[in-house]
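Let me begin by handing over the structure; questions about it come next.
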There are 2 protein chains.
Amino acid sequence: MFLGHQASYEIPFGRSAQPEGITGAVEYRTKEEQVADHLREAILSGHFPRGTRLKQAEVAKTLQISITPVREALKLLEAEGYISGSSYKGAVVAPLDVAASVETLNLRILLEGQLIRHAVERATTEDLRLIRGFADEFAEAVRRKDSAEARASNYRFHKQMYATANLPQTLHFVQILWARYPFDVINRVEGRAVTAVEEHEELLRAMIEGDLAGAMLALRRHIEAGWATVKDETEIGGDHPPAVRVRRTPRRGKEDKRNE
Amino acid sequence: MFLGHQASYEIPFGRSAQPEGITGAVEYRTKEEQVADHLREAILSGHFPRGTRLKQAEVAKTLQISITPVREALKLLEAEGYISGSSYKGAVVAPLDVAASVETLNLRILLEGQLIRHAVERATTEDLRLIRGFADEFAEAVRRKDSAEARASNYRFHKQMYATANLPQTLHFVQILWARYPFDVINRVEGRAVTAVEEHEELLRAMIEGDLAGAMLALRRHIEAGWATVKDETEIGGDHPPAVRVRRTPRRGKEDKRNE
DNA sequence: ATTAGAAATAAAATGCATTATTTGGCTCGG
DNA sequence: CCGAGCCAAATAATGCATTTTATTTCTAAT
């Protein structure tokens with residue numbers, strides 16, 4: 001009853017020996033990476049809901065390895081914002097913190113705006129063709145109501161778009177922000193994906209036309225539309241600053257002193 | 001204490017046995033943190049110059065502990081951008097990369113701008129008093145030419161200022177950017193600290209007056225003045241975007257390679 | 001009898017000593 | 001002079017020991 005409502009988790013990552021002919025296959029370099037990947041997917045897919053306690057020994061036993069790689073993977077995920085933990089007390093999947101989410105929202109607009117700006121300036125025809133492809137994949141997946149495929153295409157669409165900006169550090173920060181962002185809430189909503197398809201179209205059209213202002217506006221609309229969904233779903237108050245919060249954990253992983 | 005000075009490296013941190021009566025003392029919770037703190041300080045102070053290879057066993061022996069905490073500390077520092085490493089090949093102190101530094105510069109202006117904006121809006125008299133104190137400490141240290149103390153006060157000045165903004169994620173990103181930024185180059189320059197004192201005064205004055213635009217302008221000037229120093233020191237080309245070069249890898253001398 | 005406080009206990013993370021893998025250089029053979 | 005294969009060094013992984021935290025239980029006082 002722990003892992004395994006989906007086939008891919010039953011055999012998390014198989015034996016080390018794999019036919020080396022398939023070069024593109026998912027062959028990990030270290031076990032730490034395998035564990036990190038596995039946990040990331042399990043968290044993002046909702047298999048470990050927010051607030052779930054992740055015990056080193058348990059994870060290690062599930063994946064049939066010793067706990068050392070698990071600890072290091074947990075540290076990595078903590079740095080990436082997927083989980084939060086404090087010393088000797090273990091790690092939990094980051095709970096929804098409205099105050100933090102508002103900050104994340106603003107940072108996303110700020111940083112993804114930079115990425116769009118550079119992407120519009122640098123995009124080649126080939127870049128646009130790739131982005132177009134992922135946009136179509138996303139639209140198709142939404143039409144088929146294949147939510148897993150939709151999530152994947154959506155990810156690839158944004159990733160490809162931002163990759164053309166050629167700002168690796170900014171992109172890295174944005175990915176951390178994604179990890180902290182309540183996509184799980186957004187994805188639960190029925191009509192959201194359909195709207196997102198239109199927003200992608202608008203964004204891509206502006207990019208193709210080289211319309212910088214239009215692209216940045218479209219991006220802003222896209223992000224804010226998602227946030228509006230979150231607000232509706234979580235019953236946060238209106239537009240006023242979120243005075244009502246959840247904030248049930250200290251959310252300071254690294255430096256909470258014993259005596260304060 | 002974060003940035004200390006040289007002498008403290010000889011005796012990294014005094015054994016676990018400490019008169020436990022002094023609770024306020026620097027008492028770490030885990031050895032991993034001790035190691036991380038030690039290495040951060042050593043890197044920022046220039047004790048380990050860029051490119052230095054950090055061997056787990058070596059560090060462990062120096063600090064008289066086993067390699068496990070060292071490993072985890074290295075992973076943490078890698079996530080923070082102090083070092084870069086690849087599997088089975090070890091970690092090196094991150095080398096200077098001009099293209100990355102330019103991106104870091106722009107991100108600093110963007111994010112620290114946000115922090116200043118919120119800080120100006122939220123600062124209380126007590127906050128300003130604390131910041132004033134660190135600014136004076138910095139000025140005094142510069143006057144005495146105590147560069148280690150100057151570095152520490154400078155850090156505390158900015159940290160305190162940004163802490164009042166109450167944007168933990170943004171602050172966290174900024175600290176990562178600091179780790180990646182070539183302060184070692186800036187700190188080598190003679191007159192830089194004196195100018196920095198004036199810039200701090202200007203910034204603080206604008207904050208006290210609640211002059212948002214003035215504060216953001218002062219910040220921008222402060223950051224860009226430091227960057228100008230870097231450009232002078234490293235002989236990067238003029239003001240045009242650094243599309244090209246520098247990227248000098250010290251291993252090979254002047255031999256030109258055919259195709260890479 | 002009920003509850004506050006302290007001590008014992010259980011659970012889970014951190015740290016250590018050791019073994020197993022990987023990498024890069026070096027030698028030996030062509 | 002170049003390439004395949006061995007050797008040394010460093011990192012990654014394992015299993016076990018230690019330390020810390022949280023819970024439970026026992027005692028004592030109101």
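Since the structure is predicted, the reported quantities are computational estimates derived from the model, not experimental observations. Labels below follow one simple rule: chain letters A, B, ... track the order of the sequence lines, proteins then strands, and each chain is numbered from 1.
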Under 4.0 Å between a side-chain nitrogen and a carboxylate oxygen: does that hold for B:Glu80 and B:Arg180? no
A:Lys75 and A:Glu78 ion-paired at < 4.0 Å: no
Mind checking if B:Glu72 touches a base, just sugar-phosphate, or nothing, with heavy atoms under 4.0 Å? nothing
Rounding to a whole Å, what distance do you find between A:Glu33:CD and D:dT11:P? 17 Å
Are B:Arg29 and A:Tyr88 in a cation-pi contact, defined as NZ or CZ under 6.0 Å from the six-membered ring centre and within 45° of the axis? no
Spell out yes or no: do the side chain of A:Arg71 and the base of C:dG15 have one donor N/O and one acceptor N/O closer than 3.5 Å? yes
Return no unless some side-chain N or O of A:Lys31 is found under 4.0 Å from OP1 or OP2 of D:dT14. yes
Side-chain contact check for A:Ser66: nearest option of C:dT14, D:dT14, C:dT23 is D:dT14
In whole angstroms, the gap separating P of D:dC16 from CD1 of A:Ile67 amounts to 11 Å
Under 4.0 angstrom, heavy atoms only, what part of the nucleic acid is A:Leu74 near: base, sugar-phosphate, or nothing? nothing
Base, sugar-phosphate, or nothing: which does A:Thr30 touch, judged by heavy atoms less than 4.0 Å apart? sugar-phosphate
For B:Thr68 and B:Lys55, take the nucleotide of DNA chain D holding the closest heavy atom to each; which residue's nucleotide lies nearer the 5' end? B:Lys55
Starting at CD of B:Gln56 and ending at C1' of C:dC16, how long is that distance when rounded to a whole Å? 14 Å
Give the rounded distance in Å between these two atoms: NZ of A:Lys61 and P of C:dA12. 12 Å
For a quick check under 3.5 Å, do A:Gln175 and A:Tyr155 share a side-chain donor-acceptor pair by atom type? yes
